[in-house]
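What follows is a set of notes on a single structure, which appears directly below.
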2 protein chains.
Amino acid sequence: MIMKNMSEYLKKNGIKPSLQRIKIYEYLSTKKNHPTVDQVYNDLLQEMPTLSRTTVYNTFKLFLEKKIIMMITIEENEVRYDANTKLHGHFKCENCGKIYDFGISYIQVDEDVLNDFLVEERQLYFIGKCKNCLLDK
Amino acid sequence: MIMKNMSEYLKKNGIKPSLQRIKIYEYLSTKKNHPTVDQVYNDLLQEMPTLSRTTVYNTFKLFLEKKIIMMITIEENEVRYDANTKLHGHFKCENCGKIYDFGISYIQVDEDVLNDFLVEERQLYFIGKCKNCLLDK
DNA sequence: AACAAATTTGTAACCATTACAATTTAATTC
DNA sequence: GAATTAAATTGTAATGGTTACAAATTTGTT
Ligand SMILES: [Mn+2]
Ligand SMILES: [Mn+2]
Ligand SMILES: [Zn+2]
Ligand SMILES: [Zn+2]
């Protein structure tokens, strides 16, 4: 998605496309690295020296309200964000810290408990050791 | 599980069963309410006036290392704990805050991505509105 | 251009968690 | 069983990610 489309996409979702918002959304949707606020802040600081950490917090909060991103809270004190809001799983390697995406074909839950419940968000994550880290031993 | 068995269970998992540890594990495994550290601390303070919040933190950390409890991090800044370490899902009602357990019969993931990965922990949670909250409207 | 509204920014406050040293309790040695 | 050592608990201070807030800047409107 190029800059112009990025801006259009934000508008379409009721978000006024300021430069900061465009850059932050662009970062998240192109890098696909499930970054923390600080990662986004520090990386974007290179090209936007006046960027404030608070703006990154505010922007993610706005994006969440408009549901164009999702929050990943695998570990306490490490909130990450993802521009891919489609249902998919995350694998976090406890060795290298990398987060991998994986597809979910099917989740079968025991119906009775959640009968008449309204499910608005689904999150699935695994923790373990990734292929690279297992081979490097 | 009665007190004696509680103590035995801790021992069996390499945990010296002090009074604090027994009470904290007992609280978690009998109430099944997915409490935060502060909930456990405040509730147990009634019967153990000298209990320290730090002890609850220390104890949960130890229990996690020994893998007799699991951590639930559905929302940032709200870490909860569960003595049920078997694979099961959690539904958090965004209205009343209650956390419901539900069984998982089957999860089918796209094999190729996680091939040769070592999966040690699986977490699935849903967010939405529970039956009670939907009816009360 | 003047004014109003929205956004961004920097700093201070907040608060859950952790670090740490002192105290208490339990285990070991003599 | 007293003395000694080790382990566990406790209270307080420090840490660090997040939020509150007010000032400054940018954008939109009259
Ligand atoms: Mn993802
Ligand atoms: Mn549970
Ligand atoms: Zn790895
Ligand atoms: Zn509810």
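Please read all numbers here as calculations on a predicted model, not as lab measurements. Residue numbering restarts at 1 for every chain, and letters A, B, ... go by the order of the sequence lines.
Residues forming a side chain to side chain contact (heavy atoms under 4.5 Å, CB included) with R21(B) (at least two apart in sequence, or on another chain): L10(B), I15(B), K16(B), S18(B), T59(B), L62(B), F63(B).
Protein atom CD1 of I15(A) is 11 Å distant from nucleotide atom P of dT7(C), rounded to whole Å. At whole-Å resolution of the value, CZ in F60(B) and C1' in dT18(C) are 16 Å apart. In this structure, the CE atom of M71(A) is 11 Å from the C1' atom of dT18(D), given to the nearest Å. At whole-Å resolution of the value, CZ in F63(B) and C1' in dA8(D) are 13 Å apart. Separating the CG atom of L62(A) from the P atom of dT18(D) is a distance of 17 Å, rounded to the nearest angstrom. Straight-line distance from the CG atom of N58(A) to the P atom of dT18(D): 13 Å, rounded to whole Å. Between the CD atom of E75(A) and the C1' atom of dG16(D) there is a distance of 16 Å, rounded to whole Å. In this structure, L44(A) atom CG and dT9(C) atom P are separated by 11 Å, rounded to whole Å.
Salt bridge status for E47(A) with K23(A): present, with a side-chain N to carboxylate O gap under 4.0 Å. Salt bridge E78(B)/K92(B): present, at least one basic N to carboxylate O contact under 4.0 Å. Between R53(A) and D38(A), at least one side-chain N (NZ, or NE/NH1/NH2) sits under 4.0 Å from a carboxylate O, which counts as a salt bridge.
With hydrogens and angles disregarded, no donor-acceptor distance shorter than 3.5 Å links the side chain of R80(B) to the backbone of I72(B). The backbone N or O of E26(A) lies less than 3.5 Å from a partner atom in the side chain of T30(A), making a donor-acceptor pair. Of the possible polar contacts, one joining the T73(B) side chain to the I74(A) backbone as a donor-acceptor pair under 3.5 Å is found.
Mapped onto DNA chain D by nearest heavy atom, R21(B) and T54(B) fall at different nucleotides, with R21(B) at the one closer to the 5' end.
A sub-4.0 Å separation between OP1 or OP2 of dT7(C) and a side-chain N or O of S18(A) is absent. Under 4.0 angstrom from either OP1 or OP2 of dT26(D) there lies no side-chain N or O belonging to Q20(A).
Counting heavy atoms from C-beta outward, I69(A) and L64(A) have side chains that approach closer than 4.5 Å.
A distance of 9.5 Å separates SG in C93(A) from NZ in K98(A), rounded to the nearest 0.5 Å.
No engagement by T36(B) is indicated, since no non-hydrogen atom pair under 4.0 Å with the nucleic acid exists.
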Check: protein-nucleotides 12-17 of chain C nitrogen or oxygen pairs below 3.5 Å:
{"residue": "dT17(C)", "atom": "OP2", "partner": "Y57(B)", "partner atom": "OH", "Å": "2.5"}
{"residue": "dT17(C)", "atom": "O5'", "partner": "Y57(B)", "partner atom": "OH", "Å": "3.3"}

Quick one: which protein N/O atoms are closer than 3.5 Å to N/O atoms of nucleotides 21-27 of chain C? Pair and distance per line, please.
none

